[in-house]
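Structure, as structure tokens:
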Amino acid sequence: MLKLATFCLVTLAATPALAAATDWQELAPGARARLITSDTIRNGRMLVGLELDMPQTTNTYWRIPGETGIPTQLDFSKSIGVTDPLPRWPFPEIDTSNGYLDYVYRGPVVLPVSVQAVTGGELQLTATLGICDTVCVPASATFSLALDIAKPDKANSIRLDQAVALSPIPWDQPGTPFREIRTDVTGKVLVIDNPDRSIDPATIIPDIGNPAVLFEAPQKSPDTAIWNLPLLAGADGQNLLGESIDLTFMTASGAYSFSTTVGRPKP
């Protein structure tokens, strides 16, 4: 288990930059971050992103951190002329190497966000995240970046488009990815009925909107038509019936997400 360092939160701030990227800020030894944008508006929206430069031995966390991590949070609320941020989280690594379940990013990564933007706006981002090697350091960095729509940045556009390509999209294949998602009679097990054969069961990440509620790896029935995902021990008292749930998973053609409501157990 990675130990959370007890020293103070690292808080950094950058001055406004008239370019498609801020200066780099150090978050922890060997780990740095900056805010980037393509400075290109498409259908009223623009891609921006937090770019992290970390060694492969260092990680940060997905929006659901897992058992031992710190959730990554991106706050654009103080921006001017920039609204409706929609994070596009690249599919994370599912890490169980330390005996715990965590959802992580290792090494260099871009976390893209689609925003509604107008010419002359200014991005203000406060990012709060954990930077982990042998210990976990909580870090907070603030960035400011003026938008210059007249000068698109092709290099950052490529970085952002590549990151979006690694992010799950809503299921768009024929039919539904699962015939039914329900609870068992105890309310403590997520039952997935007749999953699409293209889905890798080891990659399923259920999200009921509470990062503290985690699930074990899927347990297949003998005929593989039913997958059971028990709640981890930390979710005592949680009943899944009626919960809105988002499932993220990998297939041979890429990452997808699917949202539904957990139904009643079968008689």
Side-chain angles (χ1 to χ4, degrees), residues 1-14 21-37 47-75 87-113 125-143 155-156 158-168 200-207 211-212 214-217 232 234 248-250 254-255:
M1 177 179 178
L2 293 176
K3 295 182 179 179
L4 181 64
T6 57
F7 23 87
C8 296
L9 186 73
V10 177
T11 304
L12 301 165
T22 64
D23 292 335
W24 289 100
Q25 295 185 39
E26 184 178 10
L27 301 177
R32 59 182 186 165
R34 66 176 181 171
L35 176 62
I36 64 172
T37 173
L47 278 177
V48 304
L50 180 68
E51 183 176 10
L52 298 168
D53 183 23
M54 305 181 295
Q56 288 296 332
T57 56
T58 300
N59 70 267
T60 191
Y61 294 90
W62 194 49
R63 69 171 194 265
I64 299 175
E67 291 186 87
T68 68
I70 299 170
T72 297
Q73 297 177 320
L74 307 176
D75 181 4
R88 299 289 305 274
W89 299 95
F91 195 87
E93 175 186 342
I94 301 174
D95 180 21
T96 58
S97 60
N98 293 297
Y100 294 88
L101 174 65
D102 289 317
Y103 303 115
V104 306
Y105 299 116
R106 297 187 190 280
V109 65
V110 173
L111 305 180
V113 181
L125 168 63
T126 297
T128 305
L129 64 168
I131 304 296
C132 304
D133 195 337
T134 54
V135 295
C136 249
V137 180
S140 177
T142 298
F143 304 90
N156 280 332
I158 291 172
R159 292 186 183 93
L160 289 161
D161 287 342
Q162 288 174 333
V164 168
L166 298 174
S167 304
D200 179 355
T203 67
I204 292 181
I205 308 174
D207 177 9
L214 302 171
F215 295 79
E216 295 181 19
L232 282 174
T248 301
F249 48 86
M250 287 294 296

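Below, all heavy atoms of this structure are taken into account, side chains as well, without hydrogens, waters or symmetry copies.
- Rounded to the nearest 0.5 Å, atoms CD1 (Ile131) and CD1 (Ile70) are 8.5 Å apart.
- At least one side-chain heavy atom of Leu74 sits less than 4.5 Å from a side-chain heavy atom of Thr72.
- The two residues Arg88 and Ser167 come nearest to each other via the heavy atoms O-OG, 3.0 Å.
- Thr58 approaches Asp133 most closely through the heavy-atom pair OG1-OD2, 3.9 Å.
- For Asn59 (side chain) and Val104 (main-chain N/O), no donor-acceptor pair under 3.5 Å exists by modelled atom type.
- One finds the OH atom of Tyr61 at 4.0 Å from the OG1 atom of Thr68 (value rounded to the nearest 0.5 Å).
- For the residue pair Asp102 and Gly66, the shortest heavy atom distance occurs at OD1-C, 3.5 Å.
- Nearest heavy atom pair, residue Gln25 against residue Thr142, reads NE2-O, 3.0 Å.
- Here the SG-CZ distance, from Cys132 to Arg106, works out to 9.5 Å after rounding to the nearest 0.5 Å.
- Smallest separation of non-hydrogen atoms from Ala33 and Leu27: CB-CD1, 3.7 Å.
- Two residues are said to be in side-chain contact when any heavy atoms from C-beta on lie closer than 4.5 Å; Pro71 and Pro211 fail this criterion.
- Looking at Arg63 and Asp207, a side-chain N of the basic residue comes within less than 4.0 Å of a carboxylate O on the acidic one, giving a salt bridge.
- Summarising the geometry, atom CG belonging to Leu125 is positioned 5.5 Å from atom CG belonging to Leu35; distances are rounded to the nearest 0.5 Å.
- Residues Asp23 and Arg34 form no side-chain contact, since every pair of their non-hydrogen atoms from C-beta on lies 4.5 Å or further apart.
- Residues Trp89 and Tyr105 form a side-chain contact, since some pair of their non-hydrogen atoms from C-beta on lies under 4.5 Å apart.
- The shortest heavy-atom contact between Pro112 and Val110 is CD-O, 3.2 Å.
- Contact check on Glu26 versus Arg32 returns no salt bridge, with no Lys/Arg side-chain nitrogen under 4.0 Å from an Asp/Glu carboxylate oxygen.
- The backbone N or O of Met250 sits less than 3.5 Å from a side-chain atom of Thr203, completing a donor-acceptor pair.
- Rounded to the nearest 0.5 Å, atoms CG (Leu50) and CD1 (Ile36) are 8.5 Å apart.
- Side-chain contact between Thr37 and Asn156: absent, with no pair of heavy atoms (C-beta onward) separated by less than 4.5 Å.
- The closest side-chain heavy-atom distance from Tyr103 to Asp95 is not below 4.5 Å.
- In this structure, the side chain of Ser140 does not engage the main chain of Thr128 through any donor-acceptor pair within 3.5 Å.
- Proximity of Trp62 to Ile205: side-chain heavy atoms (C-beta onward) are separated by under 4.5 Å at one or more points.
- Looking only at side-chain heavy atoms (C-beta outward), Phe215 and Leu101 stay at 4.5 Å or farther from each other.
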